[in-house]
Amino acid sequence: MSRSAHPAGPRHADVLPEGHYSAPPADLNALDQKVWAQTVSRGDDGVVTVGGIPVSRLAEEFGTPAYVLDEADFRSRARAWRTAFGPDADVFYAGKAFLSRAVVRWLNEEGLNLDVCSGGELATALSAGMPAERIAFHGNNKSVAEITRAVEAGVGRIVLDSFQEIVRVAHVAQSLGKRQKVQIRITVGVEAHTHEFIATAHEDQKFGIPLAGGQAAEAVRRALQLDGLELIGIHSHIGSQIFDMSGFEVAAHRVVGLLKDIRDEHGVELPEIDLGGGLGIAYTSDDDPREPHEIAKALTEIVTRECEAARLRTPRISVEPGRAIVGPTAFTLYEVGTVKPLDGLRTYVSVDGGMSDNIRTALYDAEYSVALVSRASDAEPMLARVVGKHCESGDIVVKDAFLPSDLAPGDLIAVPATGAYCRSMASNYNHVLRPPVVAVRDGEARVIVRRETEEDLLRLDVG
Ligand code: LLP
C-alpha cells in the first residue's frame with residue numbers, strides 16, 4: 001500500500017500497533033489539569049492560553065520552539081513546598097532541574113533555599129542574589145576551584161560525596177581560615193522504582209558513600225576529626241520521578257540508624273538530615289503525584305518516629321525537590337513542519353525542535369503528552385509520534401499520543417510538563433539553536449533565557 005494513500009493517517013483502534021498508549025481520549029481538545037501548568041486553558045476560540053496570553057501570540061512574538069513557563073504556577077508550587085514543610089524544615093530547590101536568574105529571584109522571594117551542583121549553577125545563584133548561606137553545594141566530583149569558590153562565598157553547606165572530598169574541602173576551608181558546614185551523602189542501599197539512570201541510592205553507582213560495610217561511619221569519623229569541617233548532618237537522595245514513599249521510609253530509617261551510631265560512638269547528635277529530592281510529577285494522565293503537604297507529613301512522621309525509637313532529638317529535615325516544583329510549570333511550544341502518515345503504523349509529526357530541547361524521551365524512554373494548541377479540532381484522533389528535526393531516528397519527543405487527524409503544517413502543538421530537565425539538558429546537536437524560556441504572568445510575557453543565535457554558536461568556534 002502506498003504510504004501516502006491516507007493523508008489523515010491511521011485513525012482508530014482497528015489499526016493501532018504496539019505502544020505505551022491506552023484508548024484515544026474522549027475529547028482531544030480537553031486539557032488535563034494534572035499535566036498542564038495552572039493557568040493553561042483553552043479559550044472559546046479554541047486557542048490555548050497561558051497566564052491569559054494565547055499561544056499563537058507567544059509564537060508570533062517569541063518564535064518556536066519555545067519553553068513557556070507559568071510564573072504564577074512556579075511560585076505557587078514553591079510556596080506550597082515551603083508552607084508544607086514549615087519553619088522547622090528547609091526546602092532546597094534543585095537547580096539542576098532548571099536554573100536561571102529569574103528563577104533564583106523567585107525562589108529567594110518565596111523563601112526557598114537552593115541546591116547547586118556545579119560552578120556554573122553556583123555562579124548563576126550568586127549573580128542573582130541568592131544569599132550564600134542558603135545555598136547547598138552538591139556533586140560527586142567538585143573541582144578544587146569550585147570548592148574554593150563555594151567556601152569563599154560562604155555557602156551554607158557542602159555535601160561531601162567521597163573520602164577524597166572530605167580531605168579536599170577540609171584543606172580548602174582551612175587554608176582560607178574557615179570552618180565549612182558539611183553533610184555527608186550516603187547511599188542507603190534502596191532500590192528506587194524508577195529508571196536505572198535516575199536511581200541513586202543503590203550501591204553500585206557513582207554517588208555517595210555506602211552505608212554498607214561501615215564506609216559511611218568511617219567517613220563520619222574522618223570528617224569529625226578535621227578542623228576545617230563542621231559536620232552538620234547526613235544526606236540521602238534515592239532517585240528521581242518516584243511516586244512510592246516506601247523508599248523514603250527505608251532511607252529515613254537507615255539515615256536515623258547512622259545518626260544513632262554516631263551518637264553512640266562520638267557522643268554527638270548531628271542536627272540535620274537531608275532526604276534529597278525525587279518526587280514524581282504527572283507527565284501523562286496516568287501519573288498520580290502526591291501533594292507537597294502529603295509528602296511533608298509522611299517524611300516528618302517517618303523521621304520523628306524513627307528518632308523517638310532511637311531516643312534521638314529529631315533533626316532539622318531538609319528536602320531538595322527540583323522536578324516537582326518546576327516540571328509541571330512549563331510546556332514546550334512547537335510548530336508542526338511535516339505530517340507523515342505510515343499505513344498501519346502511526347503518523348509521524350515533525351516539529352521544529354526535538355531531542356536537543358528534550359532528550360528525556362530518548363534517554364529514559366520518558367512518556368509525555370501533547371495537544372494541538374493553536375485551534376480546537378473535531379477531527380478523528382490519529383495515533384501520532386512527535387519527532388524532531390535531528391538526524392537520528394531516535395529523535396522522538398512524544399512516542400505515542402493521539403492528535404487530531406486534520407493536523408497540518410503550521411499548527412502549533414505543545415508538550416506539557418517540560419519545565420524540568422529539558423532546557424537544563426538541552427544541547428546544540430546538529431547545531432540546532434536552544435529555545436528561549438518565556439515566562440508568562442498576569443497577561444505579560446517576558447524572555448528569561450533568550451533563544452540561542454547562530455552568532456552564539458559561531459562565537460564559540462574560534463578555530
Ligand atoms: N538532590 C540531589 C542530590 C539530586 O541529585 C537530585 C537530582 C535532586 C535533588 C532533584 O531531584 P528531582 O526532585 O528533580 O527529581 N535528568 C533526570 C533526573 C536526574 C536527577 C539528578 N539528581 C531526568 O530528567 O529525569
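When a ligand or atom number is given, it counts from 1 through the structure's own listing order. Here, residue 1 is the first one in the sequence, and each next residue gets the next number.
At a heavy-atom distance under 4.0 Å, only backbone atoms of P321 (N, CA, C or O) approach ligand 1. At a heavy-atom distance under 4.0 Å, no atom of F207 approaches ligand 1. Under 4.0 angstrom from ligand 1, the non-hydrogen atoms of R323 come from both its backbone and its side chain. Residue contacts with ligand 1, taken as heavy atom pairs separated by less than 4.0 Å, involve R360 solely via side-chain atoms from C-beta onward.
Under a 4.0 Å criterion applied to the non-hydrogen atoms of R185, ligand 1 contributes the atoms 3 (C). Residue-ligand proximity, G322 to ligand 1, at heavy-atom distances under 4.0 Å covers atoms 12 (P), 13 (O), 14 (O). Atoms of ligand 1 found under 4.0 Å from any heavy atom of H138, numbered from 1 in the order shown, are 3 (C). Against a heavy-atom cut-off of under 4.0 Å, M425 is close to the following atoms of ligand 1: 16 (N), 24 (O). Every atom of ligand 1 is numbered from 1 in the order shown, and the set under 4.0 Å from a heavy atom of A94 is 8 (C), 9 (C), 10 (C). Shown in contact with D115 at under 4.0 Å from a heavy atom are these atoms of ligand 1, numbered in order with element: 1 (N), 9 (C). Which parts of ligand 1 touch E320 is read off a 4.0 Å heavy-atom cut-off, strictly below it: atoms 1 (N), 2 (C), 3 (C), 8 (C), 9 (C), 10 (C), 13 (O).
Of the listed residues (S236, S424, S240), the one carrying the non-hydrogen atom nearest atom 11 (O) of ligand 1 is S240.
Here's the thing with Y421: one of its N/O atoms is less than 3.5 angstrom from an N/O atom of ligand 1. The distance criterion of under 3.5 Å between nitrogen or oxygen atoms is not met by G239 with respect to ligand 1.
Around NZ of K297, the count of heavy atoms belonging to other residues, nucleotides or ligands within 6.0 Å does not exceed 12. Summarising the local packing, NE2 of H431 is surrounded by 12 or fewer heavy atoms from other residues, nucleotides or ligands at distances under 6.0 Å.
A centroid separation of less than 6.0 Å is found between the aromatic rings of Y93 and F74. Proximity of the aromatic rings of H235 and H138 is defined here by a centroid distance below 6.0 angstrom, and this criterion is met.
In the model, T332 has a side-chain atom that pairs as donor or acceptor with a side-chain atom of T418 under 3.5 Å. Between the side chains of S318 and R157, at least one donor N or O lies within less than 3.5 Å of an accepting N or O.
When all heavy atoms of S127 and R101 are compared, the pair lying nearest together is OG-CD, 3.0 Å.
At least one test fails for R360 against the ring of Y421: distance under 6.0 Å to the centre or angle within 45° of the axis.
A heavy-atom distance below 4.5 Å is not found between the side chains of I209 and D161.
Checking D357, L363, N358 one by one against M425, the side-chain contact (heavy atoms from CB on, under 4.5 Å) holds for a single residue, L363.
For G278, the heavy-atom gap to ligand 1 drops under 4.0 angstrom.
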